[in-house]
There are 2 protein chains.
Amino acid sequence: MAVRDNLPQWPVEAAFDCISGRWKPLIIWCIGYDKLRYSDIKTSLVPISPHILSRQLKSLENDGLIIRIQYQEVPLRVEYHLTPAGLELLPILGYLCGWASVHLPSRVSSPVRKNCRRFFCQQNSENFSVCSSAENIL
Amino acid sequence: MAVRDNLPQWPVEAAFDCISGRWKPLIIWCIGYDKLRYSDIKTSLVPISPHILSRQLKSLENDGLIIRIQYQEVPLRVEYHLTPAGLELLPILGYLCGWASVHLPSRVSSPVRKNCRRFFCQQNSENFSVCSSAENIL
DNA sequence: CTGTATCCCGTCCGATACTG
DNA sequence: CAGTATCGGACGGGATACAG
């Protein structure tokens, strides 16, 4: 998130230290409740470069949000899944998705991606009813 | 949040474009339901420099999260308060605060600030029970 | 009181090429 | 398949001094 010599003073700062980054929220979201391989994440986040993806994955792993499992196979197989901490972040990201869909619709390029479903959207349809519609992408 | 030529593809990206920044979540939080003067925010976020505060306030204003009201008095008085969009962000920041208090306690420096109350903490005490305790800071 | 003007610096993103 | 090496370049944070 930012430049800071010492530990953050407020919890929310610590949270943003972990999850703010060009691709981090999207990585967390697209892993979701599944286990995803490196290449799956890469193709989900189309324009990302392998270098960047690797670095963000490593950072998320260091912060305890995802877990990396490597299988000794040929070809190599590596799977990522969320830790409990990462899983508990999913609904919060859903709230942010709903908030943005309501308050920043003009700042999202692809209309079909302006909305999101998944479980939090149903949970919160009274607040962000637009969320309960068609598309899925965060 | 990051370098991007075009509009974000996903709502959550748009959200992070608005709220990720070294001080932005804290500014939103400390304004809360009040109206705060420039100097009030400045003294709330102790080590912030006037330059940085000014820039982050302007960015938040451009993104429609806060409103700046200038009174033609001597000395000059300027008040900031949240827009409806900014207000709806408060509970989400509260969730993040609770999440970090639970999952990143060791990454917050001041123990007395590890918890948060305010309305969302009571709302969510089943999930983040640590939140319903003493201290207030986000 | 409420900012702005400069300048510096670290960090992060990104492209490209290459490797176990 | 799952990354790493190297090198830029842009952006955002920060310090200090100054202004309306």
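Protein chains get the first letters and strands the later ones, always in sequence-line order, with residue 1 at the start of each.
- Residue-to-nucleotide contacts include a donor-acceptor pair under 3.5 Å from the side chain of B/His51 to the base of C/dT6.
- Within 3.5 Å, a donor on the side chain of B/Arg55 pairs with an acceptor on the base of D/dG13, or the reverse.
- Following rounding to the nearest Å, B/Leu76 (CG) and D/dA19 (P) show an atom-to-atom distance of 18 Å.
- Considering A/Leu87, A/Ile27, A/Ile19, A/Ile31 in turn, A/Ile19 is the only one that fulfils the side chain to side chain contact (heavy atoms under 4.5 Å, CB included) rule with A/Leu65.
- Spacing between atom CD1 of B/Ile27 and atom P of D/dG12 amounts to 14 Å, rounded to whole angstrom units.
- Close to D/dG13, at under 4.0 Å from its OP1 or OP2, lies no side-chain N or O of B/Ser49.
- Here A/Gln56 does not reach the OP1 or OP2 of C/dC12: none of its side-chain N or O atoms lies under 4.0 Å away.
- Between B/Trp23 and D/dG14, a side-chain N or O to OP1/OP2 separation shorter than 4.0 Å is present.
- Clustering ILVMFWY residues whenever any of their side-chain heavy atoms sit less than 4.5 angstrom apart, transitively, puts A/Ile67 in a cluster other than the one holding A/Trp29.
- Residue B/Gln70 places none of its side-chain N or O atoms closer than 4.0 Å to OP1 or OP2 of C/dC1.
- When the P atom of D/dG3 is taken as reference, atom OH of A/Tyr38 falls 6 Å away, rounded to whole Å.
- The side chain of B/Pro50 lies closest to C/dG3 when the candidates are C/dG3, D/dT4, D/dG20.
- The separation between B/Leu57 atom CG and C/dG3 atom P is 7 Å, rounded to whole Å.
- Close to D/dT4, at under 4.0 Å from its OP1 or OP2, lies a side-chain N or O of A/Lys58.
- Panel note: side chain B/Glu13, backbone B/Gln9; a donor-acceptor pair is recorded below 3.5 Å.
- For the pair A/Tyr80 and D/dG3, the criterion of a side-chain N or O lying under 4.0 Å from OP1 or OP2 is met.
- Within the 3.5 Å criterion, the main-chain N or O of A/Cys97 finds no donor-acceptor partner in the side chain of B/Trp10.
- Computed from coordinates, the B/Leu53 CG to D/dT16 C1' distance equals 16 Å when rounded to whole Å.
- Phosphate proximity of C/dG14 to A/Arg22: present, with a side-chain N or O under 4.0 Å from OP1 or OP2.
- Using modelled atom types, no side-chain atom of B/Ser54 and backbone atom of B/Pro50 make a donor-acceptor pair closer than 3.5 Å.
- Rounded to whole Å, atom C1' of C/dT2 lies 16 Å from atom CD1 of B/Ile69.
- Under 4.0 angstrom from either OP1 or OP2 of D/dT4 there lies at least one side-chain N or O belonging to A/Ser54.
- Between the CD atom of A/Glu79 and the C1' atom of D/dG3 there is a distance of 16 Å, given to the nearest Å.
- Look at CZ on A/Arg68: it is 15 Å from P on D/dC1, rounded to the nearest Å.
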